[in-house]
Each structure stands twice: as C-alpha cells, then as structure tokens.
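In what follows, residues are counted from 1 in the order of the sequence shown. Keep in mind it's a predicted model, so treat the numbers as computed, not measured. These numbers come from the heavy atoms of this one structure, side chains and all, not from hydrogens, waters or symmetry mates.
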Amino acid sequence: MLTDMKDLSSVKKAIEVEVPADAVAREIETVTGEFGRKAKVPGFRPGKVPSTVIRKRFLTDIREEVVQRLLPRFFHDALAEKGMVAVGSPDVRRVDPLLEGAPLKFEVEFEIKPQFEVKNWRGLELELADATVTEDEVTAMIERLRDQASTFRPVEGRGAEDGDYVVMNIDTSGEGVEPRHSESAQIQLGEESPLPELHEALQGKRPGDQAVVEKRHGEDAANEEIRGKTVRYDIVIRELRTRERPDVTDEMARSFGWESIAEMRERISEDLRGHKEHESLRARREEAANKLVEMHYFELPQSLVDEELGSSLRNYARYLASQGVDVENAEIDWQRLQREFLPDAEKRTRRGLILDAIGREEKITITDAEVDAEIRRAAEGSAKEFAEVKQRLRKGGGYEQLRMTMMQEKALDSVVSEARLVPAAGVAP
C-alpha cells in the first residue's frame, strides 16, 4: 500500500492512499460471490449464476460495494502505519475510477488531535475559600426552618399592618392592556415590591374592603406589556393572615428529627461546613481548569469543536422543550446561538484535550467496572434499567465517551490535589 501525506495545518491532514491491485481483485471476487448467492437471474437457479453474468449484470453495484469496503479499511491501515488517529469524520475528497487489474487510489482529508507539550501543571496556585461556619449563619438557617414550620392564622379585629399576608382578588385594566383577573393573590404587606402603591392602599384594610390603585409604569417596567402605560388595579380583600413561627425549643428540634436545640445547631453547622467545602472544591477545580486552558495554546480540530458546539445546542434545545417551548416551530435564531456558544465550546474542547494529555502522562485508566458504576448511578437517578442505558451507550459510542470524561475528571483531580493552596481574597491565612 502506497501513501502520500500532506500537512494542511497542524491538525488537518490529507492522505492519498493506493490500494494494491491484488487487494482490489480479492475484494471484487468476494463481493461478486456474495451477490451471486443472493441474486435472482432468470434462467439460472439461485446460487448457480456464473460470476461473469453477475459482474455484467451488477457491475455498478459491485463496484460501489467494493469501494465502500476498501476505503475505510485502507484509510485506517494507512493512519496506523503513520501512527495517527483521526478525530471526527474524515472527508473523502477523491476516489479514482475502480478498474479491474489496477490499484485503487483515493484521497481523504482528516483531522488529528493536536500535538503539544503539557506545561508544568503541578503546583498550580489555587485559592482556598474559607469554610468556617459562623453562629450567625447557623442562626439564619434555623430562622429558615422556623419559616418552613410556621402556620398561618386569620387576623381578626383590626386592619392590615406591615407583616400581614393579604389575600385578595385583583382585576387589572387599562388602555392597551389586556384585562386580567387574579383570584386569591397573596402578598406580605410592607415587603419590597415593584408596586409600593398597592401596599400603601392596603394599609388598614379588612376582609371585604375594596381598594383602587392606578399607576403610570415607566419604560423600564419588567412586564413589557405595561411599559409606559397607566394601569388600574381593582382590589377586593378576601382575608388577612399572620404567620406564627415556632419558638426555638427542643420540641421544634425534634419536629425536624433532632433530639435538642444543641444537636440541631451542631448538625446544621456540620451541613453548612460540608456545603462550603464542596463549593470550595468545585471552585478550585474550575479555577484549575481555567488556568490550564490559559497556559496552553494550540490549534483545535474543528470537528471536535463542532461536536462540542452541537452538544451544547442540543442540550439547550432540550432545556427549552422542558420549559414547554415548541422547539420545531419557535422562532429561534440558531445561528446567533451558535456564535454565542462557540467560545465556551472551544474552551471545553481545549480543556478536554489538555486533561487527556495529563491523563496519559499520569497513566490514568478507567475500568469497565468504574464506567458501569457511573452508569448504574445515573440509571438509578433517572429510573431507567442499567442494562438498557448501558446497551444504548455502547451502541452509540457513549460508553467510551463516558470513560474518557471520567478519565479527564480524574486528571483534573490530580491537578487539584497537587496544587499549592493560598487563602482566597479577604480570608486570613
């Protein structure tokens, strides 16, 4: 097999491959035999049609099949001889006519992973966030628990005051505004609101009372429909409520599963500390990945960037669908989204290639058992059968992609574990 390699860029190559004539002849013979066993030709019994008749009758189909079989096989053999592995889908640029007794020549353009030297990633300087939990933070969490355990009781014998919850019906109207009726809307009187006039109008009101608010909204109103318009709000008070929160006692602690206030504070402090430590580690990993990207520049294979970009757009489409958007019929500017998503796609592609290189340097491997464990964990989270998920991943190439992702994550773990930690800004050393 003769080959001629051309460098189109550091990551894009072109290779011309010449398949030997004897290999072409053997493949023609094989394909002709397969056609002969299946072909139905008048005047001949199935499987007994002479090869000369088969070749004459199915010449075009035989040649197409031979080319389809020979090209990928000899292309990959040629790359193996050169010690190269293609990424993405190769682009067949030229195939010479297939002639019996002659070699077959074809040319393919393809991309490879960039060759680069991994810079010294050991000892990266990373920020260590403070994971100290203060008493005020514990108290704030307890206050949120009190809110969760609170009950409401009707207010009787007085009008609405700040802190009360007002339940009301609201009719909205105005020139150029679509009329709307809201049933049993609820606000807490005195809280921050884009409509403070409503809170003022409700002060002192009792169930059954009415109020009217008119407001000219500015051009900066959050609701586009009412920008620059005067809107009338007709209100009928239905109910006043006040929130009663439990006292911070051992009884309250037991209602949440703890034995005492002391244990509740201790467990909340541990949970907050664990959350802070988790967030600190997540931030260090992100900082490490960003620094690796900043440290290394090399040309990216466009096919890998396109794969990453396509994945981002598909994920975004799934998100829109989950929000009830008809993705097929919605007027979505996908070209604009591609431009917006492209920088992050390039960054993730570069990050993956760098971590691949670190993983190879560190001889990091991911076993089938580890991949299966990750699939099983994900399958449990989505209520799908493990075997079903694994089979689908293997069929679509996702199994090896998952292995690669896990290897990259382990490589990032190595970078973070060997980093030099410094206190984050504002944190005492």
Check your understanding: Would you find more than 12 non-hydrogen atoms of other residues, nucleotides or ligands less than 6.0 Å from E361 atom CD?
Key -> yes
Point to revise | Residues in salt bridge (Lys or Arg N to Asp or Glu O under 4.0 Å) contact with E183, at least two apart in sequence or another chain | key: R238
Check your understanding: Can you tell me if CD on E244 sees more than 12 non-hydrogen neighbours from other groups inside 6.0 Å?
Key -> yes
Point to revise | Side-chain donor/acceptor of K291 to backbone N/O of E125, under 3.5 Å | key: yes
Practice item. Determine the minimum heavy-atom distance between Q302 and E111, stating which atoms define it. Key: N-OE2, 2.8 Å
Exercise for review: For Q323, look at atom CD and say whether over 12 heavy atoms of other residues, nucleotides or ligands are found less than 6.0 Å away.
Suggested key: yes
Check your understanding: Side chain of S255, backbone of M252: donor and acceptor closer than 3.5 Å?
Key -> yes
Study note, to complete from the structure: With sequence neighbours left out, the residues meeting salt bridge (Lys or Arg N to Asp or Glu O under 4.0 Å) with D96 are R94
Exercise for review: Return yes if some donor-acceptor pair links the side-chain N/O of N290 with the main-chain N/O of E286 below 3.5 Å, else return no.
Suggested key: yes
**Study point:** S184 backbone acceptor or donor facing N169 side chain under 3.5 Å
**Key:** yes
**Study point:** ring pair (Phe, Tyr, Trp, His ring centres under 6.0 Å) contacts touching residues 180-210 (sequence neighbours left out)
**Key:** none
Practice item. Check the side chains of D162 and Q203 for a donor-acceptor pair under 3.5 angstrom, ignoring hydrogens and angles. Key: yes
Check your understanding: Just by modelled atom types, is the A221 backbone N or O under 3.5 Å from a matching donor or acceptor in the R227 side chain?
Key -> yes
Review point. For D368, does the CG atom sit with more than 12 other heavy atoms under 6.0 Å from it, leaving out its own atoms?
Key: yes
Exercise for review: Sequence neighbours left out, what pairs pass ring pair (Phe, Tyr, Trp, His ring centres under 6.0 Å) with at least one residue falling in residues 241-292?
Suggested key: none
Check your understanding: Is atom NZ of K12 surrounded by more than 12 heavy atoms (other residues, nucleotides or ligands) closer than 6.0 Å?
Key -> no
Check your understanding: More than 12 heavy atoms of other residues, nucleotides or ligands under 6.0 Å from CD of E29: is that the case?
Key -> no
Review point. How would you list all residue pairs meeting ring pair (Phe, Tyr, Trp, His ring centres under 6.0 Å) that involve residues 395-423, not counting sequence neighbours?
Key: none
Check your understanding: Quick one: does K229's side chain have a donor or acceptor within less than 3.5 Å of a partner on E225's backbone?
Key -> yes
**Study point:** Side-chain donor/acceptor of S269 to backbone N/O of E266, under 3.5 Å
**Key:** no
Exercise for review: Using distance alone, with no hydrogens and no angle criterion, decide if R69 and T30 have a side-chain donor and acceptor under 3.5 Å apart.
Suggested key: no
Practice item. Going by the salt bridge (charged side-chain N to carboxylate O under 4.0 Å, His left out) test, name the single residue among K205, R241, R158, R206 that passes it with D164. Key: R158
Check your understanding: Salt-bridged, D171 to R180, with N to O below 4.0 Å?
Key -> no
Exercise for review: Measure across G88 and E307 and return the closest heavy-atom pair with its distance rounded to 0.1 Å.
Suggested key: CA-OE2, 3.9 Å
Check your understanding: Ion pair present between R267 and E270, side-chain N to carboxylate O less than 4.0 angstrom?
Key -> yes
Point to revise | Listed once per pair and sorted, the ring pair (Phe, Tyr, Trp, His ring centres under 6.0 Å) pairs that draw on residues 321-354, sequence neighbours left out | key: Y316-F341
Study note, to complete from the structure: Residues L126 and V416: closest non-hydrogen pair is CD1-CA, 4.3 Å
Exercise for review: Indicate whether any N or O donor in one side chain lies under 3.5 Å from an N or O acceptor in the other, for S173 and R232.
Suggested key: no
**Study point:** CD/E388: more than 12 non-hydrogen atoms of other groups inside 6.0 Å
**Key:** yes
Check your understanding: Going by atom types alone, do E362 and S414 pair a side-chain donor with an acceptor below 3.5 Å?
Key -> no
Point to revise | Interatomic spacing from CZ in R351 to CG in D356 - rounded to 0.5 Å | key: 11.5 Å
Point to revise | S280 (side chain) donor-acceptor with K276 (main chain) under 3.5 angstrom | key: no
Check your understanding: Parallel, tilted or perpendicular: which fits the ring planes of F116 and F298, with parallel below 30° and perpendicular above 60°?
Key -> parallel
Review point. If you round to the nearest 0.5 Å, how far is OG1 of T367 from CD of E370?
Key: 3.5 Å
Point to revise | Non-hydrogen atoms of K13 and S9 that approach each other most closely | key: NZ-O, 3.1 Å
Check your understanding: Pick from V87, D91, L79, L8: which one makes a side-chain contact (heavy atoms from CB on, under 4.5 Å) with F110?
Key -> L79
Check your understanding: Looking only at heavy atoms, which two atoms of P301 and L353 are closest? And how far apart?
Key -> CD-CD1, 4.2 Å
Review point. What are the two closest heavy atoms between R254 and E259, and how far apart are they?
Key: NH1-O, 3.6 Å
Practice item. Keeping the roles fixed (side chain from T405, backbone from Q401), state whether a donor-acceptor pair exists under 3.5 Å. Key: yes
Review point. Hey, is the main chain of T132 close enough, under 3.5 Å, to the side chain of D130 for a donor-acceptor pair?
Key: yes
